[in-house]
Amino acid sequence: MARPKGSTSNAPERLRLAAGRGFRVGGFGGVGVDGLAKEAGLTSGAFYTHFGSKAEAFRTALHNGFEFFQSGIAALKEKHGDSWVPALIDFYFRERMEVELCDACVLPSLTADAMRSDDSTRRLFEQDLEKLARTIAEGLTGESALSRAWVLLSLFAGGSSLARTVSNPILRQQLLESVSATAHRVCQNAAC
């Protein structure tokens, strides 16, 4: 049953999800408070009841995106044991690339806006990014695990951004296959 417009039942969760979708699709500058509230089926007044500002909603969307990535890693660890990093690479460059932009990973979809944001937002982004790099490094063996985790994160962000931007499906597939192969070499501590 649909909630009537303005209903505040589960409003924080609805706003959190709407902010994530809205910012991924429109970017920080391309969606306003009214649009985010409408996406949640709420009023702008309800938005301000739960978020002090659009910037606060953006920080929440960023943090939740990183938390979603971390929960995905936890699920892969449970399913694949010690081989979860190669499984992450395959999942990221296959299944995750098939979702709509509104559900895309935080790295390709929100990094550019975070880069242009205020110091508070950039600090939060940095903390969550460092935490994610450390988590991935825990799944790597051999030398320079943290450095290799940074390379993997860069491949996730850059490779998926390029693949989502091109319209030619053959080029898109070539990009994803190339980046995925390189990520697997990095995972194995092999030369790229």
Side-chain angles (χ1 to χ4, degrees), residues 17 20-31 58 61-117 122 125-192:
L17 294 172
R21 288 189 306 267
F23 289 127
R24 280 179 174 85
V25 172
F28 185 82
V31 64
F58 182 68
L62 280 172
H63 181 68
N64 288 335
F66 278 105
E67 289 297 311
F68 183 79
F69 202 134
Q70 291 280 7
S71 68
I73 287 174
L76 288 170
K77 283 180 178 181
E78 187 174 315
K79 183 175 181 179
H80 297 280
D82 291 341
S83 62
W84 69 267
V85 177
L88 170 64
I89 293 166
D90 290 340
F91 176 75
Y92 194 92
F93 290 116
R94 290 184 186 141
E95 287 91 343
R96 285 301 294 163
M97 291 305 302
E98 298 305 317
V99 302
E100 296 294 323
L101 182 57
C102 64
D103 294 319
C105 175
V106 66
L107 294 175
S109 61
L110 298 179
T111 296
D113 284 315
M115 177 180 62
R116 295 178 185 92
S117 64
R122 288 174 45 219
F125 183 91
E126 181 179 323
Q127 290 168 359
D128 283 336
L129 184 64
E130 285 182 323
K131 180 180 176 185
L132 184 57
R134 287 190 302 274
T135 298
I136 291 173
E138 292 169 3
L140 299 173
T141 58
E143 296 180 27
S144 63
L146 185 58
S147 293
R148 289 174 22 242
W150 285 120
V151 172
L152 287 175
L153 286 172
S154 298
L155 290 169
F156 290 153
S160 59
S161 292
L162 292 173
R164 283 190 175 277
T165 303
V166 299
S167 58
N168 180 326
I170 295 170
L171 177 57
R172 181 179 194 270
Q173 190 59 35
Q174 288 172 340
L175 279 164
L176 290 173
E177 288 173 3
S178 298
V179 175
S180 178
T182 300
H184 278 290
R185 287 193 296 274
V186 168
C187 176
Q188 297 164 359
N189 201 18
C192 296

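Here the structure is a predicted model, which means the values were calculated and not measured.
- Put simply, the side chain of Leu129 does not reach to within 4.5 Å of the side chain of Phe69, judged on heavy atoms.
- Among Val106, Asp103, Asp113, the one residue that satisfies the side chain to side chain contact (heavy atoms under 4.5 Å, CB included) test with Arg24 is Val106.
- Here Phe68 contributes atom CZ and His63 contributes atom NE2; the two are 14.5 Å apart, rounded to the nearest 0.5 Å.
- Nearest heavy-atom pair, Asp90 versus Ser180, reported as atom, atom and distance to 0.1 Å: OD1-OG, 4.3 Å.
- Although no hydrogens or angles enter the test, the distance criterion places a donor-acceptor pair under 3.5 Å between the side chain of Arg148 and the main chain of Thr141.
- Between Ile89 and Leu155, the closest side-chain pair of non-hydrogen atoms is not below 4.5 Å.
- More than 12 heavy-atom neighbours from other residues, nucleotides or ligands sit within 6.0 angstrom of CG on Asn168.
- Contact detail for Ala149 and Ala133: the closest heavy-atom pair is CB-O, 3.3 Å.
- Here Ile136 contributes atom CD1 and Leu153 contributes atom CG; the two are 4.0 Å apart, rounded to the nearest 0.5 Å.
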Dump the intermediate steps for side-chain contact (heavy atoms from CB on, under 4.5 Å) on Thr135 and Lys77, then the final yes or no.
-> CA-CA 11 Å; Thr135 298; Lys77 283 180 178 181; 4.2 Å; yes

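- Counting heavy atoms of neighbouring residues, nucleotides and ligands inside a 6.0 Å radius, atom CD of Glu78 does not exceed 12 of them.
- Under the rule for a side chain to side chain donor-acceptor pair (under 3.5 Å), the partners of Gln173 that lie at least two apart in sequence or sit in another chain are Glu177.
- Using a 4.5 Å heavy-atom threshold, the side chains of Leu162 and Val179 count as separate.
- Atom-to-atom distance recorded for Ser83:OG and Leu88:CG is 11.5 Å, nearest 0.5 angstrom.
- Closest heavy-atom contact between Arg96 and Ala104: NH2-C, 3.5 Å.
- Take Phe28 and apply the ring pair (Phe, Tyr, Trp, His ring centres under 6.0 Å) test, not counting sequence neighbours, and it matches Phe23, Phe58.
- Across all their heavy atoms, Pro86 and His184 have their closest contact at O-CE1, 3.5 Å.
- In this structure, Glu67 and Lys131 approach most closely via the heavy-atom pair OE2-NZ, 3.6 Å.
- Considering CD of Glu130 and CZ of Phe125, their distance stands at 11.0 Å, rounded to 0.5 Å.
- Legend: residues meeting side-chain contact (heavy atoms from CB on, under 4.5 Å) with Ser161, ordered by chain and number and at least two apart, are Pro108.
- No side-chain heavy atom of Leu175 sits under 4.5 Å from any side-chain heavy atom of Phe93.
- The two residues Ser117 and Ala114 have their closest heavy-atom pair at OG-O, 2.5 Å.
- Annotation: side chain of Phe156 is not in contact with side chain of Leu132 (no heavy-atom distance under 4.5 Å).
- In this structure, Arg21 and Val31 have side chains that are not in contact, with every pair of non-hydrogen atoms separated by 4.5 Å or more.
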